Protein chains: 4
Amino acid sequence: MRADARRNRERIVAAALDLFAEHGAGVSMEEIAQEAGLGVGTLYRHFPDRRALVEDIATGTLTALRDHVRAGADEAVSRWEVLVGVVRYCAGQPLALITRFSDASPKSETRSRLVHEIDALLADIVEQAQREGSVRDDLTPGQIVGLINVAVCRPGARADDPLATVILDGLSTASTRRGS
Amino acid sequence: MRADARRNRERIVAAALDLFAEHGAGVSMEEIAQEAGLGVGTLYRHFPDRRALVEDIATGTLTALRDHVRAGADEAVSRWEVLVGVVRYCAGQPLALITRFSDASPKSETRSRLVHEIDALLADIVEQAQREGSVRDDLTPGQIVGLINVAVCRPGARADDPLATVILDGLSTASTRRGS
Amino acid sequence: MRADARRNRERIVAAALDLFAEHGAGVSMEEIAQEAGLGVGTLYRHFPDRRALVEDIATGTLTALRDHVRAGADEAVSRWEVLVGVVRYCAGQPLALITRFSDASPKSETRSRLVHEIDALLADIVEQAQREGSVRDDLTPGQIVGLINVAVCRPGARADDPLATVILDGLSTASTRRGS
Amino acid sequence: MRADARRNRERIVAAALDLFAEHGAGVSMEEIAQEAGLGVGTLYRHFPDRRALVEDIATGTLTALRDHVRAGADEAVSRWEVLVGVVRYCAGQPLALITRFSDASPKSETRSRLVHEIDALLADIVEQAQREGSVRDDLTPGQIVGLINVAVCRPGARADDPLATVILDGLSTASTRRGS
DNA sequence: AATGAATGAGCCTTCATTCAT
DNA sequence: AATGAATGAAGGCTCATTCAT
């Protein structure tokens with residue numbers, strides 16, 4: 001039964017992820033439970049609170065992102081490729097959630113820490129990319145990380161989002177735009 | 001009497017604007033009425049519905065923005081200055097509201113129309129700016145408008161927002177960055 | 001409408017009093033509202049909380065009792081008559097409430113204070129009664145007050161409750177019982 | 001296996017007794033099971049119902065009391081001593097339970113029968129005590145039993161409860177109080 | 001037989017909306 | 001026309017009870 005419980009937990013998270021992504025943070029616990037094919041009680045057995053559920057999803061999403069960035073940082077490819085990989089990864093996720101949630105709940109300690117970790121990792125990568133000459137160096141790494149966040153952490157962001165493309169393109173030194 | 005009514009309506013809108021900007025979209029009708037110094041009944045005399053109130057605020061904000069952009073377009077200054085003016089104007093508004101509302105309600109016809117109008121006006125200005133040589137032309141006007149929107153229509157955006165600065169700077173041909 | 005509101009508040013208290021007395025403290029807010037012929041919302045307009053309602057009832061009942069005891073203390077009759085009057089008064093009330101509530105909620109400051117006030121008033125009266133010779137003096141006033149409380153503050157206590165009679169009788173020096 | 005089952009049943013009853021006595025009747029089945037070191041399922045194997053559990057506890061407590069009273073009645077000591085023994089016995093039990101439960105559930109047939117049996121036994125003893133001259137005879141045995149119940153069946157009653165002492169003392173003819 | 005996960009009715013509470021004054 | 005009291009649907013959460021393992 002441990003297996004069953006775990007599966008149910010996963011179902012809940014998946015359902016919540018879907019519903020939040022599609023209908024915003026206003027979705028009711030009942031709806032989430034229903035989408036997961038379970039009773040409310042089960043949902044509350046796994047998460048003591050609505051906040052706990054939201055927190056778990058946000059934390060989970062952010063942790064996965066952090067781990068992805070870390071993994072990317074360790075790969076033996078150019079820093080530029082790493083950055084592009086991160087953007088692509090984010091675009092494949094319903095990261096919109098993170099943005100949406102940040103209004104509602106008072107962002108836990110854990111969540112803030114994760115966000116900072118991710119930003120720090122990204123800033124490192126950007127800095128190295130600047131040194132390797134693939135990213136323009138007239139902006140600070142912090143500014144560039146800000147741009148990446150905006151490009152990627154918006155509701156509705158997608159892999160082929162023109163905005164992401166534009167921003168990435170605008171950061172690259174490889175760009176041959178501009179008469180020059 | 002008519003004057004009184006108008007004043008009440010304005011008070012309501014102002015109160016709602018303040019509260020939404022400060023405490024998010026969760027504010028109750030009662031709170032809004034109270035902030036306006038009125039009873040709920042009076043609020044409902046002016047707005048049949050919560051949706052109507054929100055819609056009115058969003059529409060009003062967007063209409064003002066459109067008018068501002070139009071007025072800017074008619075001024076005899078460089079298109080670049082017009083763009084900078086638009087960004088500054090937006091930054092002074094609690095435009096965050098627009099973003100916040102866009103999640104909740106299913107954006108009315110009117111609202112979509114206004115957004116399109118604004119984007120079209122901006123695109124025109126951008127195109128002219130590209131012709132006058134003040135904005136880089138390796139991006140389509142549409143892409144650039146997208147960037148401007150992102151820079152400006154986020155919760156918490158401000159006039160001195162580094163991101164806005166960065167994006168504007170990135171769009172300008174005047175920039176001396178990049179060895180060139 | 002002020003009048004209406006007041007009447008509704010009174011209806012709520014009366015309904016709660018009835019239901020608590022009859023079915024115990026487990027009665028739901030919905031049931032209370034229904035008994036009062038009102039919607040739940042109205043109940044919550046008058047009492048922010050279940051606790052607030054319970055507290056209000058308990059406090060009201062105890063305040064009335066205290067005032068009654070005080071008034072009795074000021075009357076120019078024998079202290080014995082005052083005691084009998086108090087017992088009769090209590091027996092006419094659904095004082096059972098007080099007892100029942102004392103388990104459930106963590107008895108507020110106000111409530112404790114009222115209980116102490118009442119006990120102190122009664123102890124004074126008892127002491128004077130002992131001096132006037134109408135109450136046996138081989139028990140301390142405190143013990144006697146304890147007996148009175150028990151006689152009177154039980155679920156189901158009534159004016160003609162034999163137990164109250166017995167205890168009063170047992171306290172009186174007038175009793176000619178006991179062969180002597 | 002049978003032994004195991006019996007032990008579990010006893011654990012459940014003991015746990016419930018403890019928790020009810022300490023935290024009131026609001027304790028959940030889950031908590032009881034946990035206190036007993038068992039799963040809820042096991043609890044429900046032994047008691048089909050919450051009512052069944054409560055009933056069992058009440059019945060058990062009352063049966064034990066009845067047996068104790070019967071045993072006392074058969075002893076070759078003065079009836080007065082028997083009465084004192086009963087009061088002491090009760091005071092050692094969390095008899096408060098009985099009182100608390102009497103509000104909630106509609107007291108079963110069995111329970112009413114036991115209460116009547118006990119009262120009848122006590123009334124007999126009191127009557128004999130009156131004949132033996134140790135208990136005042138200006139009250140009916142029924143009234144005296146009522147007093148004893150009140151002295152003893154209250155939440156928080158203890159062996160050295162001043163009220164019990166006072167009442168017992170008040171019933172005794174041995175008392176030297178009152179000038180006489 | 002024991003376990004604890006799942007269930008869902010029911011409770012407390014909030015808030016958009018209506019309506020009597 | 002303004003007010004704020006009344007309404008009740010709906011949401012979050014608990015807990016007695018059932019059931020799969």
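These numbers were taken from a predicted model, which means no experiment stands behind them. In what follows, chains carry the letters A, B, and so on, assigned in the order in which the sequence lines appear, proteins first and then strands, with residues in each chain numbered from 1.
Here the P atom of nucleotide F/dA2 and the CZ atom of B/F47 are 13 Å apart, to the nearest Å. The nearest whole Å value for the distance from the CZ atom in D/R7 to the C1' atom in E/dA2 is 14 Å. The distance from atom CG of C/L38 to atom P of F/dT7 is 5 Å, rounded to the nearest whole Å. Taking atom CD1 on A/I32 and atom P on E/dT7, their separation rounds to 15 Å, with Å as the unit. Atom CD of C/Q34 and atom P of F/dA9 are 13 Å apart (whole Å). Atom CD of C/E30 is separated from atom P of E/dA9 by 16 Å (rounded to the nearest Å). Between A/Y44 atom OH and E/dC11 atom C1' there is a gap of 13 Å when expressed in whole angstrom units. Atom CG in B/L53 sits roughly 11 Å away from atom P in E/dA16 (whole-Å rounding).
Toward the 5' end of DNA chain F, the nearer of the two residues D/E31 and C/G41, judged by each one's closest nucleotide, is C/G41. DNA chain F is contacted by both A/G26 and B/T42; B/T42 maps to the nucleotide lying nearer its 5′ end (nearest heavy atom per residue). Toward the 5′ end of DNA chain E lies the nearest nucleotide of D/G37, the other residue of the pair D/G37 and C/P48 mapping further downstream.
In this model, the phosphate group of F/dA2 is approached by a side-chain N or O of B/N8 to a distance below 4.0 Å at OP1 or OP2. For E/dA1, the OP1/OP2 oxygens have no side-chain nitrogen or oxygen of D/H46 closer than 4.0 Å.
The nucleotide whose nearest atom lies closest to any side-chain atom of D/R45 is, among E/dT7, E/dA2, E/dG8, E/dA2. Checked against E/dT7, F/dA5, F/dT3, the side chain of C/A5 finds its nearest nucleotide in F/dA5.
Between C/L114 and C/T110, some side-chain heavy-atom pair lies under the 4.5 Å cut-off.
Heavy-atom minimum distance, B/E35 versus B/L19: CB-CD1, 3.7 Å. The minimum heavy-atom distance linking D/I32 with D/A15 is given by the pair O-CB, 3.7 Å.
Base pairing analysis places F/dG12 opposite E/dC11; the two distances defining the Watson-Crick or G-U wobble pair are each below 3.5 Å. Using Watson-Crick or G-U wobble geometry with both donor-acceptor distances under 3.5 Å, F/dT21 finds its partner in E/dA2.
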| Please walk me through it: do A/R113 and A/E117 pass salt bridge (charged side-chain N to carboxylate O under 4.0 Å, His left out)? | CA-CA 6 Å; A/R113 186 166 45 70; A/E117 275 182 54; 3.0 Å; yes
| request: Step by step, work out the side-chain contact (heavy atoms from CB on, under 4.5 Å) result for C/L38 and C/L43. | output: CA-CA 7 Å; C/L38 300 167; C/L43 198 158; over 6 Å; no
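If you check every strand for non-hydrogen atoms under 4.0 Å, B/R50 touches sugar and phosphate atoms only. Note on D/S28: only backbone sugar-phosphate atoms sit closer than 4.0 angstrom, heavy atoms only; bases stay farther off.
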